[in-house]
Amino acid sequence: MVADALISMLSVLSDPYLMGLILITTVGGVVIGALPGLGATTGAALLLPFTLTMDPVPAIAVLTTIYVSATFAGAITAILINTPGTSAAAATCLDGFPLAQRGEAGRALGIAVVASTIGGIFSVIVLSIAAPLLARVAYEFRPPEYFALTVFGLSMLASISEGGAVKNLMGGLFGVWLATIGADASTGVERFMFGNYELYEGLNFIPVLVGLFAISELLVQSTTLKLAMEHIAMKAVQLPSMADYRKIWRTVLRSCGIGTFIGILPAEGATVASMIGYAEAKRWSRTPEEFGKGAVEGIAGAETANNAATGGAMVPTLVLGIPGSGTTAVILVGLMVHGLRPGPHLFTEQLDKVYAIFGTMFVANALFFILGLFAAKLFARVTLVPRNILWPVVFAFSVLGSYALAQSMLDVYVALIFGVIGYLFRRFGFAVAPVAIGLILGEMVETNLQNSLKMFDGAWWEIGMQPLAALFLVLAVLGIMQPYIVGWFRRRKAARS
Amino acid sequence: MHPDDVTGRAPAPGRRRWFDLGLPVTVFVFCAAVIHFSLTFDEVPEIIVGDSMQPRVFPIFLMVVMGLLNIALILQITRNPPKRVALEPGVTWFSVVLMGVFYILAEHVDMMLALPVVIFCMCRLWGETRLWVAALTAVITTCAIFFSFDLVLEVRFPRGVLTNIYYG
C-alpha cells in the first residue's frame, strides 16, 4: 500500500509530459500570483476550462500547481510594491515592504521563498499521511454525519477574515440557495428555472466561479486605476544567512503547524492562516517591537503559514468533498468535471491518482523554490504590465472559459451576471468565497438532509442523536459563535490590562 | 473593501440611517421573493417524497435563516454604522455597460466580433491612449484564444457573421 503510494508519487517525476506541464504551470502560477488582483483562485478558475481535454491527473496537476505557486508569488508584489498579489500575502506586506524600503528586498524575498517552500512541503507530507487516515474514518460516514459535516463547513465561513461573521454566513446561504436552482435531485421538481431548461441540471459551477472571482475583480480593479504603485528595485534574491535561520526557525516550525491545521479546517484558507501565523510570530517574538518595521520573523511567519495551508486545505477537499478554501473550491469543481468523485471513495477507487496529485504538489513546491530564487527579479517585472491591457485580456479569458465547458452562451451570461453580483457583494463588504463554497456544498447539504430524514422516518431531531453528527453540529455552533467568543475574550483581556 | 472607500463627508444622520438600511431591505425583498416563488413549486405526492421534505421546504428554510441573519445585520449596522462608500468612478459603470454591449453583439451579431470590440473599448476606457496598442491587444487576444480553444480544445463557437466564414 505505502509502496504503491510512493510509486504513484514518484511516477510524477518520471513522466516528462507531467513534469513539463508542472514547470510551465509553476511559471504561470508565479506570474498570476505576482499580478495584483489575479490570485490563485482567479487563476485556477480561468485555467480550469483549458484542462477540459486533459486526462484527470495532468488536469488536476495544473490546478494544484497554480494553487501552490500563486500562493507563494503573492509575496513578490507584497514585498516589492506593498500590494499583496493574493490576499494570503497581505500579512507579508506588513514587514516585507518595510524591509525592502531599507534596501533589503533581496533578503526579504529570500526569506519568503525559503519559508514558503518549507511550509508547502511540510503540508504536502501531512496531506499524504493524514488524508488516507481521515478517509478511513470518513468511509463510515452516513447521511446524518455528512449533513452535520457540511453544516460545520458552512459555519466555518463565519471566521473567514474578510467580510464578517454575519455577512459571510449570509453569503454562504446565498451560495446554498444558488445550488437549489434547477430540478430537485430527488423529486425532479423544477425550481427557480423560470422556464429556462438549460438550467435543468442547475447552474454550472465554472461560469459562476469565473464571474465571482475574475469578472468581479475586474470591476474592483476599475475603481483603483488612479492608484499609483511604488516599485522597489532589487539586485538579486539572497538566501537567508545563518543569523536569519537562527531567528526564524522556531517561527517557521510554528507556522507550519498553524498553517496546516487552519488549512484542514473546512472553508478556512491561506489568508486566515497567514494572519494567524503572523500574529503568533509577533506574540512569541523576543523583539515584537520590530514587527511592522521589517522583522524577518514576520515575513517567515506569514509566508510559512499561507503555503502550509495549501496542503492542509486539500485534506477536506479530497477526503470529504468539502472545500478548504476558495481555490480548493475551484479544484473540487475540476475534480468533478474530470470524473473524480471527491470523498473517501476516492482513496479506495483511485488511490494512484490521489498520490499523483500529492506528487505534483510536492514537485510544484520544489520548483517554485528554484524559480523564486533565480527568477523572482524577472517575475517582479510582470507587475509592470499595464492594467489597461491586462484586465481586458482577463475579460476575454473569462468569457471564453465560461463558454468552453458546456458550449452554451447561457454560461457566458451567467458569468457576466455573477461578475456584477460578486462586485456588489464586495462593494457592500461581503466576501465572495463563501458564495462559491456554499454553491458547492449546497447540493450535499440538501441531499444528505433528505436522506437523513428518510433514514429516520422524518424524525429530524434524530440527526442530532448520532454521536459524530452531534459533535459536528456542536462544532458548527462553536464555529458560528467563534468570532464573538474571541471578541469577548479580547475585550476582557483589554479591560484587565 | 474599496481602497478609496471613504469620502470623508458626513451625511445628514437621518438620511444616513435610511441609506445604510438599504442593504438589509434588499435582502428582505430577496428573501420574500424566493419564498414567494418557492410556494409556487409543484406539490410532490406523499408516495414519492415519503418521510423526506417537499422541494419547497429547503429554499424556504434557507431564506428564513437568511432573514434572521439579516436582523443581526441590521443590529450591527445600527450599533456600528458602516463607513460611507464613494460612488463608483465612471470607468466602472462603463465597464458594466461594455458587458451589456458584449451581450447584445454576441447574441445578435457574433461572439467573435463582440470580443475584440469590447476588448478594444475596454483598453481605451481604462486609459490606453495608443489606438494601435488597443487594437493589437483586441485582435491578438481574440485570435489567440479563439484558435487555442478551436484547435486544441476542440470547442465549437456559436455561429455568427465571422464564425460562419471560418466554419463555412
Side-chain angles (χ1 to χ4, degrees), chain A residues 49-50 52-53 162 164 166-167 169-170 173-174 176-177 180 184 186-187 189-192 194 215 218-220 222-227 386-389 391-393 395-397 399-400 403-404 407 409 412-413 416 419-420 423 426-429 445-446 449-451 453-454 456-459, chain B residues 1-4 23 27 34 37-38 41-42 44 48-53 55-56 58-59 62-63 65-66 69-70 72-73 76 82 85 88-89 91-92 95-96 99 102-103 106-107 111 115 118-120 122-123 126-128 133 137-138 141-142 145-146 148-149 152-158:
Chain A
F50 287 91
L52 292 176
T53 51
E162 281 178 86
V166 173
K167 286 182 175 177
L169 290 171
M170 289 172 83
L173 283 179
F174 178 67
V176 175
W177 172 75
T180 66
D184 176 35
S186 64
T187 59
V189 169
E190 295 165 13
R191 298 190 293 189
F192 309 111
F194 305 108
I215 298 179
L218 179 148
L219 294 173
V220 170
S222 74
T223 63
T224 60
L225 281 174
K226 286 178 185 167
L227 290 182
R387 284 191 285 179
N388 50 25
I389 302 291
W391 285 96
V393 173
F395 176 76
F397 271 93
V399 165
L400 295 190
Y403 175 81
Q407 302 191 16
M409 284 306 286
V412 175
Y413 306 141
L416 295 178
V420 176
Y423 175 73
R426 295 160 85 156
R427 169 79 151 75
F428 289 102
V445 177
E446 189 179 10
L449 177 60
Q450 286 171 338
N451 292 340
L453 291 173
K454 282 177 189 163
F456 300 124
D457 300 327
Chain B
M1 202 171 75
H2 277 233
D4 51 354
L23 175 66
V27 175
V34 169
F37 286 117
S38 302
F41 293 161
D42 296 338
V44 180
I48 296 174
V49 79
D51 291 313
S52 188
M53 52 191 180
R56 72 167 74 103
F58 189 66
L62 289 176
M63 290 307 120
V65 180
M66 180 97 89
L69 286 170
N70 202 26
L73 186 65
Q76 267 186 9
V85 179
E88 275 74 7
V91 178
T92 309
S95 298
V96 176
M99 289 180 196
F102 174 83
Y103 165 74
E107 193 65 28
M111 185 160 89
L115 209 54
V118 170
I119 295 173
F120 175 80
M122 207 176 270
C123 284
W126 283 44
E128 181 51 64
V133 172
T137 306
T141 306
T142 309
I145 297 179
F146 175 78
S148 64
F149 273 79
V152 182
L153 303 175
E154 295 171 2
V155 170
R156 208 171 163 81
F157 289 98

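Note that these values count all heavy atoms, side chains included, but never hydrogens, waters or copies made by symmetry. Note on naming: letters A, B, ... go to the chains in the order of the sequence lines (proteins, then strands), and numbering restarts at 1 for each one.
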(message) Using heavy-atom distances under 4.5 Å, tell me whether B:Gln76 contacts chain A through its side chain, its backbone, both, or neither.
(response) side chain
(message) Restricting to non-hydrogen atoms, name the atom on B:Gly127 and the atom on A:Asn388 that form the minimum distance, rounded to 0.1 Å.
(response) C-ND2, 3.4 Å
(message) Less than 4.5 Å to any heavy atom of chain A: does that hold for the side chain of B:Phe120, its backbone, both, or neither?
(response) neither
(message) For A:Phe194 and B:Phe37, take the angle between the two ring planes, folded into 0 to 90°, and tell me which bin it lands in: parallel under 30, tilted 30 to 60, perpendicular over 60.
(response) perpendicular
(request) Compare every heavy atom of A:Met170 with every heavy atom of B:Met66, then report the nearest pair and how far apart it is. (result) SD-O, 3.7 Å
(request) Side chain from CB out, backbone as N, CA, C, O: work out which of these in B:Thr141 comes under 4.5 Å of a heavy atom of chain A, or both, or neither. (result) side chain
(message) Would you say that B:Thr92 contacts A:Tyr423 through its side chain, given a criterion of any heavy-atom pair below 4.5 Å between the two side chains?
(response) yes
(request) Mind checking the CD-CG spacing from A:Glu446 to B:Leu62? Nearest 0.5 Å is all I need. (result) 8.0 Å
(request) Supply the atom-to-atom distance B:Trp126 CH2 to A:Leu218 CG, rounded to the nearest 0.5 angstrom. (result) 4.0 Å
(request) Against chain B, work out which of A:Val420, A:Val445, A:Thr53, A:Val412 has the most heavy-atom pairs shorter than 4.5 Å and name it. (result) A:Thr53
(message) So for B:Val65, is it side chain, backbone, both, or neither that comes closer than 4.5 Å to the heavy atoms of chain A?
(response) both
(message) So which atom in A:Ser222 and which in B:Pro89 form the shortest heavy-atom distance, rounded to 0.1 Å?
(response) O-CG, 3.9 Å
(message) Measuring only between side-chain heavy atoms, which start at C-beta, is B:Met122 closer than 4.5 Å to A:Trp391?
(response) no
(request) Would you mind checking which part of A:Val399 comes under 4.5 Å of any heavy atom in chain B, side chain (CB onward), backbone (N, CA, C, O), both or neither? (result) side chain
(message) Quick check on B:Thr142 against chain A: is it the side chain, the backbone, both or neither that has a heavy atom closer than 4.5 Å?
(response) neither
(message) Under a 4.5 Å cutoff for heavy-atom pairs, which residue among B:Asp42, B:Val44, B:Ile145 has the most contacts with chain A?
(response) B:Ile145
(request) Can you tell which part of A:Gln407 gets under 4.5 Å to a heavy atom of chain B, answering side chain, backbone, both or neither? (result) side chain
(request) Determine whether B:Phe41 and A:Phe192 make a side-chain contact, defined as any pair of heavy atoms from C-beta on separated by less than 4.5 Å. (result) yes
(request) Decide yes or no for A:Phe50 and B:Ser148: does some side-chain heavy atom of the first lie under 4.5 Å from some side-chain heavy atom of the second? (result) yes
(request) Report yes if the side chains of A:Leu219 and B:Glu88 come closer than 4.5 Å at any heavy-atom pair, otherwise no. (result) no
(request) Identify which of B:Leu69, B:Val96, B:Asn70 forms the greatest number of heavy-atom pairs closer than 4.5 Å to chain A. (result) B:Leu69
(request) Heavy-atom pairs under 4.5 Å with chain A are the metric here; pick the option from B:Val34, B:Val91, B:Val27 that has the most. (result) B:Val34
(request) Step through it carefully: locate the ring centre of A:Phe395, locate the ring centre of B:Phe102, and say whether they are under 6.0 Å apart. (result) yes
(message) For B:Tyr103 together with A:Tyr413, are the ring centres under 6.0 Å from each other?
(response) yes
(message) I need the residue from A:Leu416, A:Leu453, A:Leu400, A:Leu173 with the largest number of non-hydrogen atom pairs under 4.5 Å to chain B.
(response) A:Leu400
(message) Taking side chain as everything from C-beta outward and backbone as N, CA, C, O, which of these in B:Ala106 sits under 4.5 Å from a heavy atom of chain A? Side chain, backbone, both or neither.
(response) both
(message) Quick check for you: among A:Pro386, A:Ser186, A:Ala404, which has the greatest number of heavy-atom pairs under 4.5 Å with chain B?
(response) A:Ala404
(request) Mind ranking A:Val166, A:Val393, A:Asp184 by heavy-atom pairs under 4.5 Å with chain B and telling me who comes out on top? (result) A:Val166
(request) Against chain A, label B:Leu115 side chain, backbone, both or neither, depending on which of its atoms sit under 4.5 Å from a heavy atom there. (result) side chain
(request) Heavy-atom pairs under 4.5 Å with chain B are the metric here; pick the option from A:Ile389, A:Ile215, A:Thr180, A:Asn451 that has the most. (result) A:Ile389
